[in-house]
Amino acid sequence: AFSPDGKRLAVADHGYGAVWTLTASGEFGWMLLIGGGFGAYDLTFSPDGRWLAVAGLSGLLLLDTVSGGERWSAGGHPHPEYFLRVAFSPDGTRMASASTRLLRMWQIAEVDRKIRAECVWQGEIRDYPEEIAFLSGPDAGLMLVSKNGTVSVRDQNGRLMWFGSL
């Protein structure tokens, strides 16, 4: 995933996460490594580029993109589920996560320099999540694509709006 300003690249592979920054000479310089012990599966930048969300085997993290420091976390090891996908809403006030068993919507706010993320709804999923994405528009719901080819669309309150197959 590229940062909104196009100057950073975040990649998750084989449990590791890495962030590179594009240098003035047009090359990528090293910025941040998320170790294999966390088991990073998916990385995405917030729309304003301030935070990096990391979904992994050991939980869900929000990292500060300037310092690389952890700002918020959920889960932890051992945990009964693994977080495999993560996405931000276009306005950055919500985040969605898909684990091995649950799809969750989080409301995110920064209060007194601390991140607060509250799970506002969750729903069970039955297959491995391949991708999650927020839809645009006034009803900006959430789409989940599963490994078995099914697609579900939920509204902002978690109600199933559409379900079908690819």
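Just so you know, these numbers come straight off a predicted model, no measurement behind them.
- Take Val66 and apply the side chain to side chain contact (heavy atoms under 4.5 Å, CB included) test, not counting sequence neighbours, and it matches Asp64.
- In terms of hydrophobic clustering, with Ile, Leu, Val, Met, Phe, Trp and Tyr side chains grouped at heavy-atom distances under 4.5 Å, Val111 and Leu62 are assigned to different clusters.
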Problem set entry | Trp72/Trp106 under ring pair (Phe, Tyr, Trp, His ring centres under 6.0 Å): CA gap, chis, key distance, verdict | CA-CA 12 Å; Trp72 175 86; Trp106 305 85; 5.1 Å; yes
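- Remark: Glu118 CD to Ile108 CD1 distance equals 11.5 Å, nearest 0.5 Å.
- Put simply, Trp121 and Ile125 are part of the same group of oily side chains (I, L, V, M, F, W, Y) that touch within less than 4.5 Å, one to the next.
- Between the CG atom in Leu22 and the CZ atom in Phe2 there is a gap of 8.5 Å [rounded to 0.5 Å].
- A single hydrophobic cluster is seen to contain both Trp162 and Met143, as judged by linkage of ILVMFWY side chains at heavy-atom distances under 4.5 Å, directly or through other members.
- No salt bridge links Glu110 with Arg116; every basic N to acidic carboxylate O contact stays at or beyond 4.0 Å.
- Side-chain contact annotation: Ser97 with Arg85, donor-acceptor N/O pair under 3.5 Å absent.
- Under the 4.5 Å side-chain heavy-atom criterion for ILVMFWY residues, a single connected hydrophobic cluster contains both Tyr128 and Leu57.
- Here the CG-CZ distance, from Asn157 to Arg159, works out to 4.5 Å after rounding to the nearest 0.5 Å.
- The cluster map of Ile, Leu, Val, Met, Phe, Trp and Tyr, joined by side-chain heavy atoms under 4.5 Å apart, puts Val120 and Leu103 in the same cluster.
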For this session: Start with the C-alpha gap between Ser146 and Asn148, add the side-chain angles, then the distance that decides, and say whether side chain to side chain donor-acceptor pair (under 3.5 Å) holds.
Result: CA-CA 5 Å; Ser146 296; Asn148 66 4; 4.5 Å; no
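- Ser46 is linked by a side chain to side chain contact (heavy atoms under 4.5 Å, CB included) to Asp48, Arg50, Trp51, Phe88, counting only residues two or more places apart in sequence or in another chain.
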